[in-house]
Amino acid sequence: MTRNTLGFLLAPLAAPTVFLLVMLVRGTHADGGSDQSLFWLFALGVMVAYVVTAALGLPLHLLLRRSGCQGCGFYMIGGALIALVPFLPGLLSGKELTQSEFLLLVGSVLAVGLITGLLFWWIAIRGGKDGASVAVGDK
């Protein structure tokens with residue numbers, strides 16, 4: 001298995017895993033939810049993460065590779081912007097959010113996207129001990 005494949009398999013799990021951990025720390029039963037509903041939310045999050053990764057993450061990775069932009073920052077920014085995509089319909093729906101709710105939501109999503117981009121870069125792109133980038137597909 002190549003490092004790219006491993007990156008595409010593992011990095012998208014960051015978002016639903018962070019969501020699951022937040023829900024567990026917050027308390028799954030605080031709002032009447034059950035462990036089973038939390039499992040299904042996690043499963044839905046995993047499915048959405050892989051669909052978004054296939055639809056947007058892979059093309060972005062190929063574009064970055066072709067343009068020679070293999071630095072960590074490019075992948076972190078790309079991950080942050082891609083992470084917003086599943087939330088755009090809700091953000092654009094006209095639902096009233098307070099400024100603090102909006103900033104918390106967008107900030108959290110961007111942070112998870114940064115982590116996901118960093119994780120993909122760390123698995124698939126980073127080089128040896130000096131941190132130099134390597135060609136895509138190198139092991």
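Distance CZ/Phe87 to OG/Ser108: 9.0 Å, rounded to 0.5 Å.
Looking at Tyr50, its side chain does come within 3.5 Å of a backbone N or O of Leu9 through a donor-acceptor pair. The closest donor-acceptor contact from the side chain of Trp121 to the backbone of Gln70 lies under 3.5 Å. The main-chain N or O of Leu63 is found under 3.5 Å from a side-chain atom of Ser67 such that the two form a donor-acceptor pair. With hydrogens and angles ignored, the 3.5 Å screen pairs no side-chain donor or acceptor of Arg65 with any backbone N or O of Leu60.
Connection of Ile125 to Leu114 is established within a shared hydrophobic cluster, with ILVMFWY side chains joined at heavy-atom distances below 4.5 Å, either directly or through further cluster members. Hydrophobic clustering (ILVMFWY, side-chain heavy atoms < 4.5 Å, transitive): Ile82 and Trp122 are in one cluster. Taken together through direct or relayed side-chain contacts under 4.5 Å among Ile, Leu, Val, Met, Phe, Trp and Tyr, Phe120 and Leu62 form part of one hydrophobic cluster. Hydrophobic cluster membership is shared by Met76 and Leu64, with clusters built from Ile, Leu, Val, Met, Phe, Trp and Tyr side chains linked at under 4.5 angstrom. At a threshold of 4.5 Å between side-chain heavy atoms, the hydrophobic network of Ile, Leu, Val, Met, Phe, Trp and Tyr places Leu44 and Val52 in one connected group.
Residues Ala14 and Leu119 share a closest heavy-atom pair of CB-CD2, 4.3 Å. Looking at every heavy atom in both residues, Ala54 comes nearest to Pro59 through O-CD, 3.6 Å. Residues Pro12 and Ala49 share a closest heavy-atom pair of O-CB, 3.4 Å. Nearest heavy-atom pair across Val109 and Ala83 is CG1-O, 3.2 Å.
A 4.5 Å side-chain heavy-atom check between Asn4 and His61 finds at least one atom pair inside the cut-off. At least one side-chain heavy atom of Leu38 sits under 4.5 Å from a side-chain heavy atom of Leu24. Using a 4.5 Å heavy-atom threshold, the side chains of Tyr75 and Leu118 count as separate. Side chains of Leu10 and Ile123 form a contact here, defined as non-hydrogen atoms less than 4.5 Å apart. Using a 4.5 Å heavy-atom cutoff, the side chains of Lys95 and Leu97 are in contact.
Residues Leu81 make up the rest of the hydrophobic cluster containing Ile77, defined by ILVMFWY side-chain heavy atoms closer than 4.5 Å, directly or through other members.
The six-membered or imidazole ring of Phe42 lies away from that of Phe19, with a centre-to-centre distance of 6.0 Å or more.
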Step by step, would you call Thr98 with Phe102 a side chain to side chain contact (heavy atoms under 4.5 Å, CB included)? CA-CA 6 Å; Thr98 66; Phe102 177 80; over 6 Å; no
